[in-house]
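Remarks on the structure that follows.
Here, residue 1 is the first one in the sequence, and each next residue gets the next number. Quick note: numbers below take in every heavy atom, side chains included, and nothing from hydrogens, waters or symmetry partners. Predicted model, so just to flag it, every value in this text is computed and none were measured.
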Amino acid sequence: IPKKEDIDSTSLVKYDTVYINIKNKKGETVRNLKFEKPKESGLHRTYWNLDEKGISNLTRKELKNKNEPSGVEVLPGKYRVKITYGESSDSTTIEVKTDPRLNTSFDILEAKHQTLKDLEGLQSLALSKVEKLKNRMTGIDVMINRMKLKSENDFEDLIKESKAVKDSLNSLLDLYVGKEDKRQGITDDPVLNVNDHYGNTYFFISNASHIPGPMEEKMLEKTSDVIVFANQKVEAYFEKNWQEFTVKFDNISLSPFAD
């Protein structure tokens, strides 16, 4: 690690982060990792969980983590690992092997890998809707605050309508992540949401010791149906109800919503 006094302060190269890029035998990037530079020079250790880049979880919370999410396990084979710090870099080839305790063929691993990647593809479709709902709910909060600051009495009806629209968006979000439950202790929602179906299917397939068959295909199909249903409900709401709501802000110079 170069000393602070040896680093050109005008350089565009950043010396605060160490980057790791991992490619498969086809030269395709499967994972990008990064971590803050160590405080001291010497031998340091970091970890790769033998996974690919994945899809962020569906959650009501803001996605603050800037690191790419973890995904499916990589297949056995050789991978090129490159580590970069500032203008310096080095690389090596490593080989990932199957667990010798498990008698699992490559065909089984490959079939499971592809099925889980298909499942992640479905998750990405749901994620875009979830993030859109959260974005619009945040926009409504901004709008309500602006109206209150300008004249709460003048905008009383629109503030009430804005809160009602936010409740509607929150109900749509329930389809993906379940209803908010503020009760203490162990609670459960009898209505399965997208997260439930996705988690159950992912767990079942990833822990199977066989090539995905009719049972796994049925679970995958059910998960797809649930996601498509939720996405269609969201799309229908934004095509009609949302348009009717946002047009009311066109002439009052308060709208934070973009087209």
Validation row: Tyr85, Asp90 side chains within 4.5 angstrom (heavy atoms): no

If I compare all heavy atoms of Glu180 with all of Asp174, which pair ends up nearest, and what's the gap? N-OD1, 4.4 Å

Would you say that Pro69 contacts Asn57 through its side chain, given a criterion of any heavy-atom pair below 4.5 Å between the two side chains? no

For the atom pair OG1 (Thr98) and CD1 (Ile108), what is the distance rounded to the nearest 0.5 Å? 11.0 Å

Does the side-chain contact (heavy atoms from CB on, under 4.5 Å) test come out yes or no for Thr17 and Lys37, once each step is laid out? CA-CA 5 Å; Thr17 306; Lys37 73 170 184 178; over 6 Å; no

Looking at side-chain heavy atoms only, is the closest gap between Lys134 and Leu63 below 4.5 Å? yes

Check whether more than 12 heavy atoms from other residues, nucleotides or ligands sit under 6.0 Å from atom CD of Glu36, and answer yes or no. no

Does any donor atom in the side chain of Asn193 or Asp196 lie under 3.5 Å from an acceptor atom in the other side chain? yes

Would a single hydrophobic cluster contain both Val228 and Ile55, if residues Ile, Leu, Val, Met, Phe, Trp and Tyr are joined by side-chain heavy-atom contacts under 4.5 Å? no

Is the closest side-chain heavy-atom distance between Phe204 and Met215 below 4.5 Å? yes

No-hydrogen, no-angle side-chain donor-acceptor test under 3.5 Å, Tyr176 and Asn231: yes

For residues 115-122, which side-chain donor-acceptor pairs fall under 3.5 Å, sequence neighbours excluded?
unit_1 : atom_1 : unit_2 : atom_2 : d
Thr115 : OG1    : Ala111 : O      : 2.9
Lys117 : NZ     : Glu52  : OE1    : 3.1
Asp118 : OD1    : Gln114 : NE2    : 3.0

Before giving the answer on side-chain contact (heavy atoms from CB on, under 4.5 Å), spell out for Thr93 and Tyr79 the whole-Å C-alpha distance, their side-chain angles and the decisive distance to 0.1 Å. CA-CA 6 Å; Thr93 299; Tyr79 293 83; over 6 Å; no

Measure the shortest side-chain to side-chain distance between Glu131 and Leu127 over non-hydrogen atoms and say whether it is less than 4.5 angstrom. yes

Counting only heavy atoms not in Phe35 (residues, nucleotides, ligands), do more than 12 fall under 6.0 Å from its CZ? yes

Closest approach of Asp250 to Thr246 (non-hydrogen atoms, all atoms of both residues): OD1-O, 3.6 Å

Minimum heavy-atom separation for Leu173 to Val130, with atom names? CD1-CG1, 3.7 Å

Identify which one of Leu220, Asp225, Val226 satisfies the side chain to side chain contact (heavy atoms under 4.5 Å, CB included) criterion when paired with His197. Val226

Would you kindly check if the NZ (Lys) or CZ (Arg) of Lys148 is within the cone defined by 45 degrees around the ring axis of Phe155 and under 6.0 Å from the six-membered ring centre? no

Kindly work out whether a path of hydrophobic side-chain contacts (I/L/V/M/F/W/Y, heavy atoms less than 4.5 Å apart) joins Phe238 to Ile140. yes

For Lys53, is the NZ atom crowded, meaning more than 12 foreign heavy atoms sit under 6.0 Å from it? no

Tyr202 vs Tyr198 aromatic rings, parallel, tilted or perpendicular, using cut-offs 30° and 60°? tilted

Do Glu152 and Ile159 touch side chain to side chain, with heavy atoms closer than 4.5 Å? yes

Nearest 0.5 Å please: distance from the CG atom of Asn49 over to the CD atom of Glu73. 9.5 Å

Nearest 0.5 angstrom please: Arg136 CZ to Trp242 CH2, how far? 6.0 Å

According to a 4.5 Å side-chain heavy-atom criterion applied to Ile, Leu, Val, Met, Phe, Trp and Tyr, with indirect links allowed, do Met219 and Leu58 form part of one hydrophobic cluster? no

State, to 0.1 Å, how close Ile144 and Ser162 come at their nearest heavy-atom pair, and which atoms those are. CG1-CB, 3.8 Å

Grouping I, L, V, M, F, W and Y whenever their side-chain heavy atoms are under 4.5 Å apart, do Ile211 and Phe106 come out in a common cluster? no

Can you list the steps and then say if Leu33 with Trp48 is a side-chain contact (heavy atoms from CB on, under 4.5 Å)? CA-CA 8 Å; Leu33 305 172; Trp48 169 40; 3.9 Å; yes

If I take atom CG from residue Asp157 and atom CG from residue Asn153, how far apart are they, to the nearest 0.5 angstrom? 11.0 Å

Measure the spacing between CE of Met143 and NZ of Lys166 and express it to the nearest 0.5 Å. 13.5 Å

Examine Met147 and Met137 and state if one hydrophobic cluster contains both, with Ile, Leu, Val, Met, Phe, Trp and Tyr joined whenever side-chain heavy atoms are less than 4.5 Å apart. yes

Quick check on Asn103: does its CG atom have over 12 non-hydrogen neighbours (other residues, nucleotides or ligands) under 6.0 Å away? no

If the threshold is 4.0 Å, N to carboxylate O, is there a salt bridge linking Asp51 and Arg31? yes

Can you tell if the side chain of Pro38 reaches within under 4.5 Å of the side chain of His44, non-hydrogen atoms only? yes

How long is the gap from NZ on Lys179 to OG on Ser171, to the nearest 0.5 Å? 7.5 Å

Please find the pair of heavy atoms, one from Gln123 and one from Ile227, that lie closest to each other, and give the distance. N-CD1, 4.3 Å

Output every pair passing side chain to side chain donor-acceptor pair (under 3.5 Å) with a member in residues 209-219, not counting sequence neighbours, ordered by first then second residue. His210-Glu216

Answer yes or no: is there a side-chain heavy-atom contact under 4.5 Å between Leu133 and Val234? yes

Using the six-membered ring wherever Trp is involved, compare the ring planes of Phe249 and Phe245 and label them parallel, tilted or perpendicular (cut-offs 30° and 60°). perpendicular

Could you list the donor-acceptor pairs under 3.5 angstrom formed between side-chain atoms of residues 20-27 and any protein atom two or more places apart in sequence or on another chain?
unit_1 : atom_1 : unit_2 : atom_2 : d
Asn21  : ND2    : Thr29  : OG1    : 3.3
Asn21  : ND2    : Asn32  : OD1    : 2.8
Lys23  : NZ     : Thr29  : OG1    : 3.0
Asn24  : OD1    : Lys26  : N      : 3.0
Asn24  : OD1    : Gly27  : N      : 3.2
Asn24  : OD1    : Glu28  : N      : 2.9
Asn24  : ND2    : Glu28  : OE1    : 3.0

Could you tell me which non-hydrogen atom of Lys112 sits nearest to which non-hydrogen atom of Ser206, and how far apart they are? NZ-O, 3.0 Å

